[in-house]
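In what follows, a structure is listed as structure tokens, so that the remarks can point back to it.
Remember, it's a predicted structure, so these values are computed and weren't measured experimentally. Heavy atoms only: backbone and side chains are in, while hydrogens, waters and symmetry mates are out.
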Amino acid sequence: MTSTKPAGSDSAPRPKRRTFSPEYKLRIVAEYDAAPKNEKGAILRRERLYHSHVKEWRAARDAGALEKLVDKRTSPARPKKSAADAENEKLRRQGLRHLGDIRPL
């Protein structure tokens with residue numbers, strides 16, 4: 001017999017990528033750095049992290065900017081414009097378009 005499900009469908013939902021707040025990152029880096037050598041692995045297992053997470057977060061912390069700890073892959077590429085700025089931009093483009101429609105006498 002054949003299955004009633006299409007071949008490409010999967011009933012399991014796609015897992016969501018975890019995101020970490022800058023405060024959490026700083027807390028984990030501080031806890032990891034303060035832990036004795038034989039307890040560092042326990043922190044990583046408890047938090048379900050990799051050593052590469054801590055290395056990246058420490059480098060960002062050492063660079064001196066808390067906002068650099070925000071994951072660039074999930075943060076917006078550019079800040080969202082305010083409603084007034086968006087409206088001004090729209091009106092400016094409309095005005096320029098209408099200027100092209102005006103014919104000299």
Legend entry - Plane angle bin for His53 and Trp57 - parallel if under 30°, tilted between 30 and 60°, otherwise perpendicular: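 Because their plane-to-plane angle lies in the 30° to 60° range, the rings of Trp57 and His53 count as tilted.
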Inset, instruction - Kindly give the heavy-atom pair with the smallest separation between Arg61 and Val29, and that separation in Å. - result: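 Residues Arg61 and Val29, closest heavy atoms: NH1-CG1, 3.1 Å.
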Legend entry - Heavy-atom pair with the smallest gap, counting every atom of Phe20 and Leu49: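 Between these two residues, the closest heavy atoms are CZ-CD2, 3.7 Å.
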Once rounded to the nearest 0.5 Å, what's the spacing between atom [atom1] of [X] and atom [atom2] of [Y]?
X: Asp33; Y: Ile28; atom1: CG; atom2: CD1; value: 11.0 Å
X: Tyr50; Y: Arg45; atom1: OH; atom2: CZ; value: 13.0 Å
X: Lys90; Y: Glu87; atom1: NZ; atom2: CD; value: 5.5 Å

Legend entry - Counterpart residues, side-chain hydrogen bond (donor to acceptor under 3.5 Å, both in side chains), relative to Arg48 (two or more places apart):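 Partners of Arg48 under the side-chain hydrogen bond (donor to acceptor under 3.5 Å, both in side chains) test: none.
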Legend entry - Set of side-chain hydrogen bond (donor to acceptor under 3.5 Å, both in side chains) partners for Asp85, sequence neighbours left out: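 side-chain hydrogen bond (donor to acceptor under 3.5 Å, both in side chains) list for Asp85, sorted by chain: Ser82.
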Legend entry - Sole residue of Arg46, Glu39, Lys40 in side chain to side chain contact (heavy atoms under 4.5 Å, CB included) with Glu31: Arg46
Legend entry - Joint cluster assignment, Leu44 & Tyr24, ILVMFWY side-chain distance < 4.5 Å: yes
Inset, instruction - Identify whether the distance between the nearest side-chain nitrogen and carboxylate oxygen of Arg27 and Glu23 falls below 4.0 Å. - result: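 Salt bridge flag = no for Glu23 with Arg27.
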